[in-house]
Amino acid sequence: MFGYVNIYKDELKIKDYNVFRAYYCGLCRSVGKRSHAARLALSYDMTFLALLLSALSDEPPQTKLMRCVAHPFHRRASVVCDRAVEYAADMSVLLDYLKLADDARDDKSIKAYIGMLFLWRGAKRTAAKYPRESEKIKEQLARLSSLEDVRCKSIDETADCFAKILETLFVPEFIKDENTRRTLSWLGYNIGRWIYIIDAYADYEKDLKTKSYNPFICADVNISEEKELLENSLTYTLASAASSFELLDIKKNGAVLENIIYIGLKNKQDSIFMQRGAER
Amino acid sequence: MNPYEVLGVSENDDDETIKRAYRKLVKKYHPDRYINNPLASIASEKIKQINEAYDTISDMRAGRTYRGDRHGTGQSRSGAAREHSQYSAGSTYDESTGDSVRTSFKFVRSLIKYGNFTKAKEVLSRLPRTAEWYYLSGVLHMRRGWYTEAHRSIARAVQMEPDNDEYRRALNIMNENTDEYREFAEGKKHISMKDCYFEDDIKKSLSLLSCAAGCCVCFDCYCDWCMGVRPMLQICRHMM
């Protein structure tokens with residue numbers, strides 16, 4: 001994905017930051033077990049998913065000090081044997097692969113074909129393990145491409161496709177409680193929607209140059225004039241994500257998750273809006 | 001469940017602390033924060049639990065019951081019902097008109113209430129575009145998470161009928177929830193961004209200094225770049 005969902009480090013306690021890093025490291029290792037190439041595309045968004053899903057079970061996280069290729073001299077704490085981390089790793093590989101497949105089909109991009117070649121084995125295994133998720137992602141990516149083809153003007157509608165993907169990813173099979181599932185799916189929807197829109201907003205100039213699809217260009221909105229409206233709508237999306245997060249029964253990792261939802265996301269949004277404001 | 005746990009307080013806390021915790025929780029799960037939200041029912045369950053817990057604690061402390069929770073729960077149920085009915089009476093629909101368009105709108109409202117959005121959308125598409133049409137279509141968009149569209153529609157409804165309290169309220173709540181999140185987000189921070197001297201230059205110069213001194217104390221040395229190589233090279237991202 002895009003790495004928009006991240007912590008805001010300056011406001012984290014070191015101990016909480018270490019928790020975040022241990023999950024990040026654990027996720028990277030799990031992804032590596034599936035496909036080494038996918039480790040390169042590891043994103044913070046999936047770390048958030050691992051942290052969140054792991055927070056719903058009350059077992060304390062098991063960590064181990066380990067070295068790896070990227071950090072050969074300094075051993076780091078890494079979360080091991082956590083099904084949330086394993087799940088996030090599976091989804092990370094699957095999503096990366098399907099996204100590449102989608103790019104390859106749409107743009108006939110050589111890079112995407114090469115990437116697919118590396119990810120193919122790992123992704124095939126995960127897709128067999130998660131048929132429901134894989135179908136859903138494919139379906140929504142196809143819907144997104146068809147909306148792009150007709151140059152869809154509605155930002156809500158295009159964002160809906162990506163939001164639906166995250167909605168699916170946020171609700172793994174191993175979570176049984178019906179209320180928790182509903183809450184997670186709404187949280188996923190809102191986070192997905194936010195990621196898609198903020199990404200489209202950040203890429204506006206680039207897409208204008210390369211003539212790629214961007215809902216803001218097609219809707220022909222003057223984004224400097226509608227900036228406030230857009231900012232409100234995005235903040236409302238975050239508010240909905242936050243209010244669903246509040247309903248979850250969080251057993252651990254609370255400080256990190258709150259940092260991401262209340263400060264990390266908001267800060268990212270503010271900095272992207274500021275950047276664009278300065279360009280003008 | 002232990003009522004003290006529900007409120008997140010300890011048995012030794014005084015009444016004032018418990019009251020404060022209770023108020024904070026009620027504010028957190030307040031029905032206004034979950035209006036036109038698919039999770040509204042879960043939030044109202046939470047509120048109910050919180051009310052029950054608070055009622056039980058107040059009863060226990062008033063010395064009214066020593067025979068376990070039974071009495072307390074009975075009491076609290078009425079308390080929760082009170083709270084609940086107060087908030088679910090939000091709809092201010094005028095039933096006095098008998099005309100067919102009106103009844104159709106009423107039908108759409110009940111469809112939305114029972115969660116049948118596809119049908120609601122279908123019925124709505126055949127109706128004339130009055131202020132109420134825009135309002136209801138806004139509510140439908142809200143439930144799906146299409147906030148840009150929702151805001152536009154509800155704003156349109158308010159523009160067409162500025163005196164209608166229901167439409168105005170929906171728009172206000174949307175804005176209030178946005179502002180509340182902003183406030184919350186600001187409140188979670190320990191330092192406001194304006195006062196954060198470490199943000200820019202000072203932070204850089206500090207870490208440069210400490211790197212030059214050969215002993216890296218800056219937090220950023222937990223960064224991916226130097227964690228692995230730090231013991232050998234003392235490289236910090238800020239030096240590059």
Side-chain angles (χ1 to χ4, degrees), chain A residues 8-12 14 17-18 21 24 67-74 76 154-157 159-160 163-164 167 178-180 182-183 185-187 189-190 192-193 197 219 226 229-244 246-247 258-259 261-263 265-267 270, chain B residues 25 28-30 32-46 141-152 155 173-191 193 196 198-199 203 219-220 222-233:
Chain A
Y8 185 70
K9 207 158 50 173
D10 292 17
E11 289 287 348
L12 263 187
I14 304 248
Y17 181 55
N18 286 337
R21 289 208 339 166
Y24 187 68
R67 295 177 217 277
C68 75
V69 188
H71 314 99
F73 304 112
H74 212 278
R76 296 174 152 214
S154 161
I155 181 94
D156 285 338
E157 199 172 351
D160 190 61
K164 285 263 165 63
E167 185 185 85
E178 198 37 52
N179 279 355
T180 312
R182 266 173 61 199
T183 313
S185 83
W186 188 240
L187 175 60
Y189 185 94
N190 281 291
R193 174 183 154 86
I197 298 180
E226 297 215 359
L229 223 94
L230 179 69
E231 210 245 324
N232 277 334
S233 158
L234 274 174
T235 312
Y236 189 80
T237 313
L238 289 183
S240 297
S243 69
S244 26
E246 300 285 0
L247 289 176
E258 270 187 13
N259 175 286
I261 287 182
Y262 284 105
I263 310 176
L265 296 178
K266 181 70 182 15
N267 228 63
D270 288 349
Chain B
L25 283 174
K28 189 165 155 189
Y29 298 116
H30 196 280
D32 277 356
R33 285 187 75 198
Y34 295 91
I35 276 188
N36 295 328
N37 184 317
L39 305 177
S41 62
I42 301 177
S44 78
E45 259 170 52
K46 280 258 189 206
H141 279 127
M142 237 6 202
R143 295 294 292 247
R144 300 172 73 186
W146 294 29
Y147 306 126
T148 319
E149 224 58 72
H151 189 271
R152 203 174 289 148
I173 279 182
M174 227 177 148
N175 296 336
E176 269 167 28
N177 283 346
T178 316
D179 290 342
E180 203 166 83
Y181 171 83
R182 283 196 189 111
E183 233 172 72
F184 245 70
E186 210 49 53
K188 296 265 179 206
K189 285 180 192 161
H190 298 98
I191 23 172
M193 283 304 137
C196 188
F198 275 95
E199 256 309 277
K203 190 170 170 186
F219 292 174
D220 264 287
Y222 280 95
C223 70
D224 289 340
W225 290 108
C226 48
M227 201 59 190
V229 282
R230 187 173 55 156
M232 295 174 68
L233 292 173

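Here is the naming used below: chain letters follow the sequence lines, and residue numbers restart at 1 for every chain.
Here the side chain of Tyr189(A) pairs a donor or acceptor atom with the backbone of Arg144(B) at under 3.5 angstrom. Side chain of Tyr181(B) to backbone of Ala241(A): no donor-acceptor contact under 3.5 angstrom is found.
The line from CH2 of Trp186(A) to CZ of Arg143(B) is 8.0 Å long, rounded to the nearest 0.5 Å. Atom CG of Asp32(B) and atom OG of Ser243(A) lie 12.0 Å apart (nearest 0.5 Å).
Residues forming a side-chain hydrogen bond (donor to acceptor under 3.5 Å, both in side chains) with Ser244(A) (at least two apart in sequence, or on another chain): none. Looking at residues two or more places apart in sequence or on another chain, you find a ring pair (Phe, Tyr, Trp, His ring centres under 6.0 Å) between Tyr147(B) and Tyr236(A).
When each of Ile261(A), Leu238(A), Ile155(A) is checked for heavy-atom pairs under 4.5 Å with chain B, Leu238(A) comes out on top. For chain A, the option among Lys46(B), Met174(B), Glu180(B) with the highest count of heavy-atom pairs below 4.5 Å is Met174(B). Interface check for chain B: of the options Lys266(A), Arg182(A), Arg67(A), Arg193(A), the most heavy-atom pairs under 4.5 Å are formed by Arg193(A).
A donor and an acceptor atom, one from each side chain of Arg152(B) and Ser233(A), are nowhere located under 3.5 Å apart. Neither side chain, Thr178(B) nor Asn232(A), offers a donor N or O lying under 3.5 Å from an acceptor on the other.
Heavy atoms closer than 4.5 Å to chain B are found in both the backbone and the side chain of Glu157(A). Within the 4.5 angstrom heavy-atom criterion, atoms from both the backbone and the side chain of Asn177(B) approach chain A. For chain B, the nearby parts of Asn179(A) are the backbone and the side chain; heavy atoms of each come within less than 4.5 Å. Proximity to chain A (any heavy atom under 4.5 Å) is restricted, for Glu45(B), to the side chain, taken from C-beta onward.
Closest approach of Tyr34(B) and Glu246(A) over heavy atoms only: OH-CB, 4.1 Å.
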